[in-house]
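Take a look at the structure set out below.
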Amino acid sequence: MAGGLEPHLEALRRELHGPAVLSVLIALIAVAITFLIWRFVQGRRSSRKAVLLLGLCDAGKTLLFARLLSGRYRDTQTSITDSSAVYRLCRDKSTSVTLIDLPGHESLRLQFLERFKAAARAIVFVVDSVAFQREVKDVAEFLYQVLVDSTVLRNAPALLIACNKQDVTMAKSAKLIQQQLEKELNTLRVTRSAAPTSLDGSATGGPAQLGKKGKDFDFSQLPMKVEFVECSARGSKGEEGEADLEGLEKWLMKVA
């Protein structure tokens, strides 16, 4: 009986050492490695629960922050420190993100961005749609500094440009704001890339590569997804009315 099984056992041994089995093992190892990498990336993303509210002074970040949390209007003043709170999604109370409102003053904003950028799942960059034409260079400068930050580039958090104060007649549309920002960011990229180098050969203008080399800049070239919405923290009826934040709230549900 044992002698009759021996040929079959020998054939099985040869088969297990054959190229077909080796290919299967390599494929299984590749799948396992891919799965582990995916779990690692997902784990890093799930650990980033913060949504940062950025923008210049008086863009309306703090009122947006208050409206999202309570729905009510409140008088605000220029922030000199951060404010944070848990924001629970309206349709799914079990899902939440941490909203962090960062100061917009020129002397503070990069300092606070440095502190919180690693925790950012998403960024809401708030723009004053009424003052935009006057502030476009300053807005683009700050946004440029955010977009070339090495941590932001590596983590690629979702980015929303919230065009606030749309309740005012003179407010610029999201489409115009996008076009003007792309133009200004392209100019900044060219200027920074042409910055002189220091004695040790490093560029004095800091990181300058934004988008695709040799092409005019547009937001689709960035590693993160960028969207624009029009909103109003005050609402069409001012203090007594409801804010128009539907687009912002839908975006928060999507990135949470």
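By the 4.5 Å heavy-atom criterion applied to side chains, M224 and V152 are counted as neighbours. Using a 4.5 Å cut-off on side-chain heavy atoms (C-beta onward), D244 and C231 make no contact. For the pair V124 and V51, the minimum side-chain heavy-atom distance is below 4.5 Å. Contact check for L159 versus E227: no side-chain heavy atoms found under the 4.5 Å cut-off. In this structure the side chain of L102 never reaches within 4.5 angstrom of the side chain of L53, judged on heavy atoms. Between L210 and L222 there is a side-chain heavy-atom pair separated by less than 4.5 Å.
Residues satisfying the ring-ring contact (aromatic ring centres under 6.0 Å, His included) criterion with F125, sequence neighbours excluded, are F142. Q180 is linked by a side-chain hydrogen bond (donor to acceptor under 3.5 Å, both in side chains) to nothing, counting only residues two or more places apart in sequence or in another chain. For T78, the side chain to side chain contact (heavy atoms under 4.5 Å, CB included) partners are C57, D58, not counting sequence neighbours. The side-chain hydrogen bond (donor to acceptor under 3.5 Å, both in side chains) check on N186 picks up R189, with sequence neighbours excluded. Qualifying side-chain hydrogen bond (donor to acceptor under 3.5 Å, both in side chains) partners for E230, counting only residues two or more places apart in sequence or in other chains: none. Looking at residues two or more places apart in sequence or on another chain, you find a salt bridge (Lys or Arg N to Asp or Glu O under 4.0 Å) between K117 and E114, D149. Residues satisfying the salt bridge (Lys or Arg N to Asp or Glu O under 4.0 Å) criterion with E141, sequence neighbours excluded, are R192. Partners of K175 by side chain to side chain contact (heavy atoms under 4.5 Å, CB included), not counting sequence neighbours, listed by chain and number: S173, Q179. Residues satisfying the salt bridge (Lys or Arg N to Asp or Glu O under 4.0 Å) test with D101, not counting sequence neighbours, are none. Residues that satisfy the side-chain hydrogen bond (donor to acceptor under 3.5 Å, both in side chains) test with K61, not counting sequence neighbours, are absent from this structure. For F219, the ring-ring contact (aromatic ring centres under 6.0 Å, His included) criterion is met by F217, F228, not counting sequence neighbours. Scanning for salt bridge (Lys or Arg N to Asp or Glu O under 4.0 Å) contacts around R115 gives D82, with sequence neighbours left out.
To the nearest 0.5 angstrom, L143 atom CG is 5.0 Å from I161 atom CD1. To the nearest 0.5 Å, atoms OH (Y144) and CG (L185) are separated by 9.0 Å. For the atom pair L245 CG and K250 NZ, the distance stands at 12.5 Å (nearest 0.5 Å). For the atom pair F116 CZ and T98 OG1, the distance stands at 10.5 Å (nearest 0.5 Å). Separation of atoms CG (L252) and CG (L99) is listed at 6.5 Å; rounding is to 0.5 Å. Summarising the geometry, atom NZ belonging to K165 is positioned 12.5 Å from atom NZ belonging to K172; distances are rounded to the nearest 0.5 Å.
A donor-acceptor pair is defined here as one N or O able to donate and one able to accept, closer than 3.5 Å; no such pair exists between the side chain of E135 and the backbone of A140. Side-chain atoms of T62 do not come within 3.5 Å of backbone N or O of T76 as any donor-acceptor pair. Checked by atom type and distance alone, the side chain of R67 pairs as donor or acceptor with a backbone atom of A233 at under 3.5 Å. Between the D167 side chain and the S232 main chain, no donor and acceptor come within less than 3.5 Å of each other. Without hydrogens or angle criteria, D218 side chain to S220 main chain gives a donor-acceptor distance under 3.5 Å. Formation of a donor-acceptor pair under 3.5 Å by the R109 side chain with backbone atoms of G104 is found in this model.
Within 6.0 Å of atom CD in Q221, more than 12 heavy atoms from other residues, nucleotides or ligands are found, so the atom counts as buried in its surroundings. Heavy-atom contacts from other residues, nucleotides or ligands closer than 6.0 Å to CD of Q111 number more than 12.
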Assess the residue pair Q145 and L110 against the criterion (side-chain contact (heavy atoms from CB on, under 4.5 Å)); give the C-alpha distance rounded to whole Å, side-chain angles, the decisive distance to 0.1 Å, and a yes or no. CA-CA 8 Å; Q145 292 171 317; L110 291 181; 3.5 Å; yes
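Taking each heavy atom of F132 and V139 in turn, the nearest pair found is CE1-CG1, 4.5 Å.
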